[in-house]
J.: 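Pasting in a structure now, in structure tokens, and then I'll have a few things to ask.
Each chain gets a letter, A, B and so on, in the order the sequences are listed, and its residues count up from 1.
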Amino acid sequence: MTQYRQGDLLIEMIPKRTFSQYAKRIENKVLAFGEVTGHSHRLTGGELWSDRGEMIAVLDQPTPVIHEEHDTITLPEGTYRVIRQREYLGKDTTDYVND
Amino acid sequence: MTETFKGQSYEIVAWARDQRVMYYRSFGDYQGEWLLLSKGERDYFLYKGSYGSCSGCDSWEAWGNSEPTKEQAQEFVKDYPSFAEVPIATMQNLALNRTIEKILPANMRGDFTQVGWEQVAADWSALVRLEESLAIEMVDILGCSNQETKRQLLERFGVERFVTESGGTWIERQGEDGLLSVDAEHRFLWLKDSSTPRRYLLRVPPETASVHAGKAWSFNLAPSHYAPIIET
């Protein structure tokens, strides 16, 4: 599956999918937010959903993903899962990368 | 032109009081706690609260005012007094002694289960050392989990000094990236950001064998499955 990387996010195209009853639409379309920098990765269109721990973007047209410091990536129409980068913390524990 | 709030949800409790946000993080998925560290003219401020996934269980969502003015914000944050106020000099001592975790009462230090309060306190200690121009030591870099803070720590400390003093050895150098082994527990990817001149140190499991395998692991993928066509 085609993958795009913007900083600490990997965005991977996946087959179209149906959402569970627990899916929640993320209205501000923020894919990830920096706890210290305050910067964010943000979709400029389409729909963003959180469903059972997965973040899914549904785009019906080419859609830019923007960030204050990273170059913009324009995603083709399609369905995508968003994977946040993680870091090892020792003792087999991990945490999402935060900046 | 009237100034309006542009930040992230409960960061507003600091913005409304003209304090600078040093750290803001929510702990949980659909619901959970949030934690905020801010700095005013004479003190650091700790705020904590809870959030939910709907307007019925989350004050910020219920309010529905995405760009409030300062006056509106000051009214909203009356329900969010600071949990602790720490004079700057005291915070400096806490950071130097790495005892920031004592800001919270002992019976509250088990919260923030994604990373644990100890990790948050270690990150805050590093943040305060940078903010107050205090000495940076190897343990600050090794113990810090925030990428931007760690990058600034390394910038101050010096990468060559870090490699030398840690006794680290390069397992692989691949262009501008590398895999560094410091000891049996600490192995790091040394990465160049695609869009900026910045470089980052990302901790990976000690058994990581290559730069590519480390990058794939960091996105929870097998090395054979990691192949982004665009990186920025």
J.: For B:Y226, is it the side chain, the backbone, both, or neither that has a heavy atom closer than 4.5 Å to a heavy atom of chain A?
T.: both
J.: Under 6.0 Å from the CD atom of B:E132, do we count more than 12 heavy atoms belonging to anything else shown?
T.: yes
J.: Which atoms of B:D193 come close to chain A, meaning under 4.5 Å heavy atom to heavy atom: side chain ones, backbone ones, both, or neither?
T.: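 Looking at B:D193, just its side chain touches chain A.
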J.: Please determine whether a side-chain nitrogen of the Lys or Arg among B:E137 and B:R98 lies less than 4.0 Å from a carboxylate oxygen of the Asp or Glu.
T.: yes
J.: Considering only heavy atoms, which portion of B:T149 lies under 4.5 Å from any heavy atom of chain A: side chain, backbone, both, or neither?
T.: side chain
J.: Could you have a look at B:H225, B:R151, B:K215, B:Q119 and say which one has the most heavy-atom pairs with chain A under 4.5 angstrom?
T.: B:H225
J.: Are side-chain N/O atoms of B:Y80 and B:S59 paired as donor and acceptor at under 3.5 Å?
T.: yes
J.: Given that the side chain runs from C-beta out, which part of B:L127 has a heavy atom under 4.5 Å from chain A: side chain, backbone, both or neither?
T.: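 The side chain, not the backbone.
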J.: Would you give me the side-chain donor-acceptor pairs under 3.5 Å for residues 75-82 of chain A, sequence neighbours excluded?
T.:
residue, atom, partner, partner atom, Å
A:Y80, OH, A:P76, O, 2.6
A:R81, NE, A:E12, OE1, 2.8
A:R81, NH2, A:E12, OE1, 3.0

J.: With a 3.5 Å cut-off and no angle check, do the side chains of B:Y10 and B:S26 form a donor-acceptor pair?
T.: no
J.: Compute whether any side-chain donor of one residue and acceptor of the other, for A:S40 and A:R42, lie under 3.5 angstrom apart.
T.: yes
J.: Let me know if B:E207 has heavy atoms under 4.5 Å from chain A in its side chain, its backbone, both or neither.
T.: neither
J.: Pick one of side chain, backbone, both or neither for A:I11, based on which atoms fall under 4.5 Å of a heavy atom in chain B.
T.: neither
J.: For A:T93, is it the side chain, the backbone, both, or neither that has a heavy atom closer than 4.5 Å to a heavy atom of chain B?
T.: neither
J.: With a 4.5 angstrom heavy-atom cut-off, is it the side chain or the backbone of B:L36 that approaches chain A, or both, or neither?
T.: neither
J.: For B:S218, which atoms come within 4.5 Å of any heavy atom of chain A: side chain, backbone, both, or neither?
T.: both
J.: Can you give me every donor-acceptor pair (side chain of residues 180-187 of chain B, partner residue at least two apart or in another chain, under 3.5 Å) with its distance?
T.:
residue, atom, partner, partner atom, Å
B:D183, OD1, B:E185, N, 2.8
B:D183, OD1, B:H186, N, 2.7
B:D183, OD1, B:H186, ND1, 3.1
B:D183, OD2, B:H186, ND1, 3.3
B:R187, NE, B:P206, O, 3.2
B:R187, NH1, B:P206, O, 3.3
B:R187, NH1, B:T208, O, 2.7

J.: Can you find a side-chain donor-acceptor pair between B:Y47 and B:Q19 that sits under 3.5 Å?
T.: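 Yes.
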J.: Evaluate the ring-ring contact (aromatic ring centres under 6.0 Å, His included) criterion for residues B:Y23 and B:W124: first the C-alpha distance (whole Å), next the side-chain angles of each, then the deciding distance (0.1 Å), finally the verdict.
T.: CA-CA 8 Å; B:Y23 174 105; B:W124 286 11; 5.5 Å; yes
J.: Which atoms of A:F33 are under 4.5 Å from chain B, going by heavy atoms: the side chain, the backbone, both sets, or neither?
T.: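 Side chain only.
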J.: Using non-hydrogen atoms only, which part of A:I73 is less than 4.5 Å away from chain B: side chain, backbone, both, or neither?
T.: side chain
J.: So for B:L201, is it side chain, backbone, both, or neither that comes closer than 4.5 Å to the heavy atoms of chain A?
T.: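 Just its backbone gets close to chain A.
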